[in-house]
Number of protein chains: 2
Amino acid sequence: MDDMTPITEIAPFRNLSDAGRALLAQVQVSVHMRSPQALIHKGQAASGAYFVLAGRLRVYALAPNGNEATLYFIGPGETCVFALNSLFNDLRYPAWVQAVEDTRLATIPGPVYRRLFAVEPEVRDLTVRTLSTLVFRLMAELEEVHAYKLNQRLANAILVHGSGEGLLRMTQQQLADHLGTTREVIARLIGELVDAGLIESRRACIRIADAAGLARLIAGEAAA
Amino acid sequence: MDDMTPITEIAPFRNLSDAGRALLAQVQVSVHMRSPQALIHKGQAASGAYFVLAGRLRVYALAPNGNEATLYFIGPGETCVFALNSLFNDLRYPAWVQAVEDTRLATIPGPVYRRLFAVEPEVRDLTVRTLSTLVFRLMAELEEVHAYKLNQRLANAILVHGSGEGLLRMTQQQLADHLGTTREVIARLIGELVDAGLIESRRACIRIADAAGLARLIAGEAAA
DNA sequence: CGGCTTGTGTAGCCAAAGCTACGGAATGCG
DNA sequence: CGCATTCCGTAGCTTTGGCTACACAAGCCG
């Protein structure tokens, strides 16, 4: 997918009717964002539907005391639902959004998206599926917060976000923000995991040494 | 709304096309549920779209240790989204559902709902709006969990769920389940609120004595 | 009235996690 | 190489919240 790929070549928009295509052609805007750049601030009105072409967005809550906590991520091919929300409900976006990788977005103004939604079955399905998926992620997250302790959630985050080779390139501060806690706590817990031989820790990088052990920890069987 | 009201008389289904009406007429089922009755168990496949005609459902997570935590409520006129989710995504419902009041439901089988969705703009809008609303509630809840302490969340719950006359008819156990904590903790916190003159506590019932004070507590200004 | 069930108040202990405060290591850059 | 920045490790203290255990109060019903 090169830089100039129009949104009409992307999966869910590939089979639009001519009318739909025409609509989109007039309005497509492509936006680039460098990595730790803020996109949306809480309370801001959504100006349209955002569609992630490449990269990754992070949606997070910001507590009064400055603590962050990741709500969910948006990957390539996914729509940024706040748009959909705000589109259909006229509500303000209830969180912050940030690009965690260099990200390319297509934006579709609200009225156009509404029209597309009314006319194109593909867009309807995409919309509903995106919202549903998000509901699932949020429910899972919420359950996790209540049901698991921080060390389990950390272990989980390491497993989930680790690359194929068992590497996780995040600083402890980023992990802390992700889990809604503080750096020191993460340091402590990472210390424990290292002592237990489950991971190794380098600067800005964690190596998974014993994935099964992490999984066992998450499952709650005998924390070493 | 008497007992026999068909779903086609309820708001979003009132202006269906004849085709839509015909579809619905064939399949409508009305279900009654007595109050603390379980409707759905986690992992169960959703058999169709549920539509709350009267009463209230509570969707909650259940931790391995038996702790509950409310995820959100579903009131009259709202659709139970798990259905929508499962309908469009073929996912299992990720939580438990329970009737907290005597509740009447209409169920619409999956395939029928899909057809309605394809044909009836009203149903499309309802679907998207319901999902969006839920996303908002979940995000708000998730943020609350991270950002506020238990006494603030309790104060909030008391304010939000209190009736017009400033009465909240819930046992401490129910409050604990709602907030994802235990009875003793609630007792302690209620004790503090009573000492601070913000509420009065009777058996299975709380009286709000100083709503403004509660609001101040939530906002974080000088917890007495 | 007496016993049963359900709900509440209290007290103390403990583990989890937040906060403060460092010192020191790794990296980057001039 | 020297310096600055960023990141990590540790230590100790404090607060919050979970757990145990029990006594009492309020309704319910025979």
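Values reported hereafter were calculated over all heavy atoms of this structure, with side chains retained and with hydrogens, waters and symmetry mates removed. In this text, all values refer to a predicted model and were calculated from it rather than measured experimentally. Below, chain A is the first sequence line, B the second, and so on; all start at residue 1.
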Interatomic distance where CG belongs to A:L150 and C1' belongs to D:dT16 [whole Å]: 14 Å
Base C:dG9 to side chain B:R183, donor-acceptor N/O within 3.5 Å cut-off: yes
May I ask you to evaluate whether B:T181 reaches the phosphate of D:dG18, defined as a side-chain N or O under 4.0 Å from OP1 or OP2? yes
Any ion pair linking A:E68 and A:R58 (charged N to carboxylate O, less than 4.0 Å)? yes
Is any side-chain N or O of A:R203 under 3.5 Å from a base N or O of D:dT6, one able to act as donor and the other as acceptor? yes
Please determine whether a side-chain nitrogen of the Lys or Arg among B:K149 and B:E144 lies less than 4.0 Å from a carboxylate oxygen of the Asp or Glu. no
A:E78 with A:R137: basic N within carboxylate O range, under 4.0 Å: yes
Which part of the nucleic acid, if any, lies within reach of A:A204 when heavy atoms closer than 4.0 Å are counted: base, sugar-phosphate only, or nothing? sugar-phosphate
Once you round it to whole Å, what is the distance between C1' of D:dG9 and CD of A:E200? 17 Å
Check whether any side-chain heavy atom of A:R207 lies under 4.5 Å from a side-chain heavy atom of A:I199, and answer yes or no. no
A:S201 vs D:dG9: side-chain N/O to OP1/OP2 distance below 4.0 Å: yes
Between B:E192 (CD) and D:dG17 (P), how many Å, whole number? 9 Å
Give the rounded distance in Å between these two atoms: CZ of B:R188 and P of D:dT20. 14 Å
So, is B:Q172 near the phosphate of C:dG9, with a side-chain N or O under 4.0 Å from OP1 or OP2? yes
Do A:L168 and A:L175 come close enough that some side-chain heavy atom pair is under 4.5 Å? yes
Between C:dG18 (P) and A:L189 (CG): distance, integer Å: 9 Å
Comparing B:E184 and A:Q173 on DNA chain D - which has the more 5′ nearest nucleotide: A:Q173
Round to a whole Å and report the spacing from CE of B:M170 to P of C:dG7. 12 Å
Given atom CG of B:L154 and atom P of D:dG17, what is their separation to the nearest angstrom? 10 Å
